[in-house]
Structure formats: C-alpha cells, structure tokens
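One structure is given below, encoded as structure tokens.
In the text below, chain A, chain B and the rest are named by the order of the sequence lines, each starting its count at 1.
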2 protein chains.
Amino acid sequence: MKTDHRSGCPINLSLEVFGDRWSLIILRDMIFGGKRHFRELLNGSIEGIASNILADRLKRLMELGMLTKADDPSHKQKAIYSLTEMAITLVPILAHLGAWGRVWLPVSEELSIRAELLERGGPPMWDKFMDELRHEHLGAPSDTPANATVRATLQAGYEAVVARKAPEARREPAA
Amino acid sequence: MKTDHRSGCPINLSLEVFGDRWSLIILRDMIFGGKRHFRELLNGSIEGIASNILADRLKRLMELGMLTKADDPSHKQKAIYSLTEMAITLVPILAHLGAWGRVWLPVSEELSIRAELLERGGPPMWDKFMDELRHEHLGAPSDTPANATVRATLQAGYEAVVARKAPEARREPAA
DNA sequence: TGCAACTGATTGCAAAATGCAATTGGTTTG
DNA sequence: CAAACCAATTGCATTTTGCAATCAGTTGCA
C-alpha cells in the first residue's frame with residue numbers, strides 16, 4: 001500500500017482515495033445499485049468501465065480498506081465484493097454530491113431521481129440506508145422488511161420515471 | 001467546452017467536474033485559504049502543483065463555470081480569480097469530505113483542525129461561510145465584521161495548533 | 001461427454017494526462 | 001536600468017488511462 005501522501009490535509013487524503021474518474025463510480029454502483037460481482041460492475045454501469053481499470057480499482061479500494069473480497073459459496077470462481085464501514089459512511093457525501101450535481105449540471109431525469117429522493121429523505125433516510133448496507137455487507141442485524149428498504153424506494157422512483165417517460169417503448173429489462 | 005458526457009448521472013457529472021487530482025485542491029485553497037492569484041495558488045498549496053497543471057485547471061474550471069477571472073486594477077498583469085455561486089455551494093461537500101477524511105485517513109493535526117472546526121460548526125457555520133464567500137467573490141452585501149469571519153475563526157484555530165505543537169520552533173511565517 | 005456461455009481477471013498497445021524544469025513576454029519595484 | 005515578479009507556455013520523460021483481445025478455470029445444458 002502506498003504510504004507517501006502529498007499532504008495530511010483531510011480533503012487531499014480523501015481525494016487520494018477516490019479523486020479519480022472511476023473509484024467513486026464503482027462505489028456508487030455497489031451502494032445504490034447493489035452490485036457485488038465483477039461482471040455486474042463491468043456491464044452494469046452506464047459509463048462503461050474497462051475490465052482492466054475495474055480490476056485495478058477493486059484491488060486498490062481493497063488495499064485502502066474500502067472493500068473486501070470473499071468467495072461466493074454458490075460458485076467456485078465467483079468473487080463477492082463487500083463494502084466496509086469506511087465505504088458505507090460515504091453515503092452522506094454521495095447524497096450531497098448528487099444534490100449539487102442536480103442543481104448545477106445537465107443531469108438526466110431518470111438518473112437523478114434517486115438523488116432527488118435521497119436529498120428529500122435527508123439525514124434520517126441516509127442513516128436508514130447505511131444501516132441497510134451494514135446488514136447486507138457486514139452481516140449486521142436489521143429489522144427492515146426487504147420490501148421497505150431505502151434501495152427499494154429509490155428503485156421504485158427510478159422505474160416510475162422510466163414508465164412515465166416512455167410507457168410505450170418499454171420492454172423486458174435488460175438486466 | 002466539452003459537451004459529451006459519460007452519463008447524465010449527477011454523481012458522474014460531478015466527478016467529471018472535479019474528479020481529478022487537482023481541481024478540488026485548487027478550490028479548497030481558494031475557499032479556505034482565500035487564494036485569489038496564480039502565484040498564491042502555485043506556491044501556497046502544500047501539495048505542490050505544477051504551473052502548467054494549475055494553468056490548465058484554472059482554464060478548465062472557468063469553462064465549467066466554477067471560476068471567473070478579472071484584471072487586478074492595482075497591477076496590470078495580475079489576474080484575480082473569483083469563485084462563482086456554483087463553486088461556493090461546494091462548501092457543504094468539502095465539509096463532509098473533510099469530516100470523512102478525519103475519521104478514516106491519516107490526517108495531520110495542523111491540517112485537519114479547520115475541518116474539525118467546520119464540522120463542529122455544522123450547517124449554520126457553513127451557511128455563514130458561504131455568505132462571506134459571496135461577499136468576497138460576488139460582491140454581495142455582508143454584515144459580518146472582518147474579524148468575526150468564519151475564515152478568521154478557522155485560521156485562528158490552525159495557528160493555535162501550530163503554536164501548541166512547536167512553540168519553540170516558530171519563526172516568521174514563510175508566506 | 002462435449003461445448004457454449006460465463007467467471008474474474010491479464011496482456012499488449014496507443015493515447016492522454018501528469019510532473020518537472022526551463023523559458024516567455026510583459027510589469028513593477030527599487 | 002536591472003532585479004524581481006506576473007501569468008502563463010514549451011519541451012520532454014514518465015505515468016495513467018482506454019480499448020480490444022485474450023486467458024484459464026467453472027458452470028449449465030444437451
């Protein structure tokens with residue numbers, strides 16, 4: 001692991017962790033998209049990451065303590081990636097980032113509805129979501145029924161927008 | 001200005017704005033360090049940006065609407081850079097980023113005291129700080145006396161730490 | 001058994017970004 | 001008039017990124 005830093009400034013050190021074009025995209029897909037496998041991350045993100053970059057970033061994020069990797073018991077060569085607490089606590093930052101982007105950048109409606117719902121939910125919703133992630137990724141106990149999760153709420157919002165925008169063009173989901 | 005984006009996702013678009021190693025460092029120095037001139041940014045940041053990268057990023061941030069440039073009336077070849085409202089509204093994100101880095105990364109005490117004070121001040125302090133920045137950079141009216149600014153508070157905290165850590169080793173400030 | 005599809009990667013190579021040092025044309029200061 | 005200062009720019013080596021092809025092992029299915 002790299003141990004020489006440009007400076008001990010918290011903002012600088014944070015940038016050294018995810019101040020590149022892909023790390024935060026991968027974390028976004030794991031956090032909000034529920035992606036856990038290499039292929040899901042490779043094919044699932046609309047930005048189209050290359051497989052060598054993905055492999056490199058996953059390795060790097062593991063070295064930095066943001067992710068862990070484990071064998072999938074159901075499939076000998078399948079690896080399952082998990083968020084650590086360090087990564088889960090990025091949720092408020094991602095929420096703020098999404099809110100900022102919605103205001104200032106040419107976002108598309110489908111892809112920003114999740115950010116809008118998360119912004120409206122505010123810190124209580126972020127806390128609830130982080131608890132869900134702890135349950136999914138760290139095995140922490142949870143008392144939320146699966147159909148009442150924050151992720152399900154966000155996904156339902158996304159699908160409502162898609163249905164409203166192009167009701168006649170919908171087909172079976174690609175994923 | 002580049003108009004083709006990887007996706008319309010707010011997080012992705014935000015990353016396209018400052019998802020590199022230097023843009024957010026420059027904005028940090030302008031926001032928290034009060035740097036307005038090329039030389040201040042070049043020599044002032046401890047991370048040591050190269051002049052060609054600084055010139056490139058300033059130009060890029062202007063094209064993106066985060067900064068504006070004006071002639072310094074007191075000095076014909078001096079340019080003064082100003083934050084736009086778009087950049088000023090990054091303050092809460094930077095506050096969260098600093099708070100996250102303080103928890104998870106090997107920050108130095110001197111360089112993280114500002115983040116700590118900003119975190120403790122919470123959203124009311126961030127709002128006050130953003131108002132100060134609007135006054136300084138956008139010419140908005142302000143009713144805060146100069147010695148009661150958030151920036152002065154943060155700077156005083158920094159100097160207190162430096163004084164406490166190495167009281168015998170202090171000299172005239174280099175800058 | 002055989003074979004296609006899928007798993008998490010790795011390799012080779014071109015293009016782009018970065019880092020560093022020197023330099024530019026102009027301005028201000030002493 | 002010379003030294004210092006100003007915002008950059010240039011040239012060049014190194015590093016990072018992006019893309020396509022490929023890899024060896026695993027699984028599902030006929």
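- The pair A:R114-A:E119 fails the salt-bridge criterion, with no side-chain N (NZ, NE, NH1 or NH2) lying under 4.0 Å from an Asp/Glu carboxylate O.
- Protein atom CZ of A:R57 is 11 Å distant from nucleotide atom C1' of D:dG18, rounded to whole Å.
- Ion pairing between a basic and an acidic side chain is recognised when a charged N comes within 4.0 Å of a carboxylate O; A:R36 and A:E40 show no such pairing.
- Nearest nucleotide to the side chain of B:R39, out of C:dC20, D:dC6, C:dA17: D:dC6.
- Where the helix from C:dT1-D:dA30 to C:dG30-D:dC1 starts and where it ends, the local axes point in directions that differ by 10°; five pairs per end, rounded to 10°.
- You'll find that the side chain of B:K78 is closest to D:dA7, out of C:dA9, C:dT18, D:dA7.
- The distance between atom CG of A:D56 and atom C1' of C:dT11, rounded to the nearest whole Å, is 14 Å.
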Distances for protein N/O vs nucleotides 27-30 of chain D N/O pairs under 3.5 angstrom?
{"unit_1": "D:dT27", "atom_1": "OP1", "unit_2": "A:K76", "atom_2": "N", "d": "2.8"}

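- One interatomic measurement links the two molecules: CD1 of A:I26 to P of C:dG8, which rounds to 14 Å at whole-angstrom precision.
- Of the listed nucleotides (C:dA9, C:dG12, D:dT9), C:dG12 has the atom at the smallest distance from the side chain of A:N52.
- Atom C1' of nucleotide C:dC20 and atom CG of B:L54 are separated by 15 Å, given to the nearest angstrom.
- Both B:A55 and A:D20 lie near DNA chain D, and the one whose nearest nucleotide falls closer to the 5' end is B:A55.
- Whole-Å rounding puts the A:F38 CZ to D:dG25 P distance at 18 Å.
- Under the 4.0 Å criterion applied to side-chain N and carboxylate O atoms, B:R21 and A:D20 are not assigned as salt-bridge partners.
- Summarising the geometry, the separation between CD1 on B:I80 and P on D:dC5 is reported as 19 Å, rounded to the nearest angstrom.
- Between the CD1 atom of B:I25 and the P atom of C:dG19 there is a distance of 11 Å, given to the nearest Å.
- The shortest distance between the side-chain N/O atoms of B:W22 and the OP1/OP2 oxygens of C:dG19 is below 4.0 Å.
- Under 3.5 Å, the side chains of B:W100 and A:S14 contain no donor-acceptor pair of N or O atoms.
- Both cation-pi conditions hold for A:R6 and B:W22: the charged atom is under 6.0 angstrom from the six-membered ring centre and inside a 45 degree cone around its axis.
- DNA chain C is contacted by both A:I53 and B:S51; A:I53 maps to the nucleotide lying nearer its 5′ end (nearest heavy atom per residue).
- Taking every side-chain heavy atom of B:A79 into account, D:dA7 is the closest of C:dG8, D:dA7, D:dT9.
- Within 4.0 Å (heavy atoms only), B:R6 reaches no atom of the nucleic acid at all.
- Phosphate contact (OP1/OP2 of C:dT18, side-chain N/O of B:R21, threshold under 4.0 Å): absent.
- One finds a salt bridge joining B:D131 and B:R134 here, because a Lys/Arg side-chain nitrogen approaches an Asp/Glu carboxylate oxygen to under 4.0 Å.
- When distances run from any side-chain atom of A:K69 to the nucleotides C:dG8, D:dA7, D:dA20, the shortest one goes to C:dG8.
- In this pair, B:H96 and A:H96 present their aromatic rings tilted. The plane angle is within the 30 to 60° band.
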Verdict with supporting geometry, A:Y81 and A:F38, ring-ring contact (aromatic ring centres under 6.0 Å, His included): CA-CA 8 Å; A:Y81 293 91; A:F38 191 92; 7.4 Å; no
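- Look at A:E132 and A:R151 and you find no salt bridge, because none of the NZ, NE, NH1 or NH2 atoms lies under 4.0 Å from a carboxylate O.
- Between A:R164 and A:E109 there is a salt bridge, with a side-chain nitrogen of the basic residue lying less than 4.0 Å from a carboxylate oxygen of the acidic one.
- The CG-P distance, from A:L42 to C:dT10, rounds to 14 Å in whole Å.
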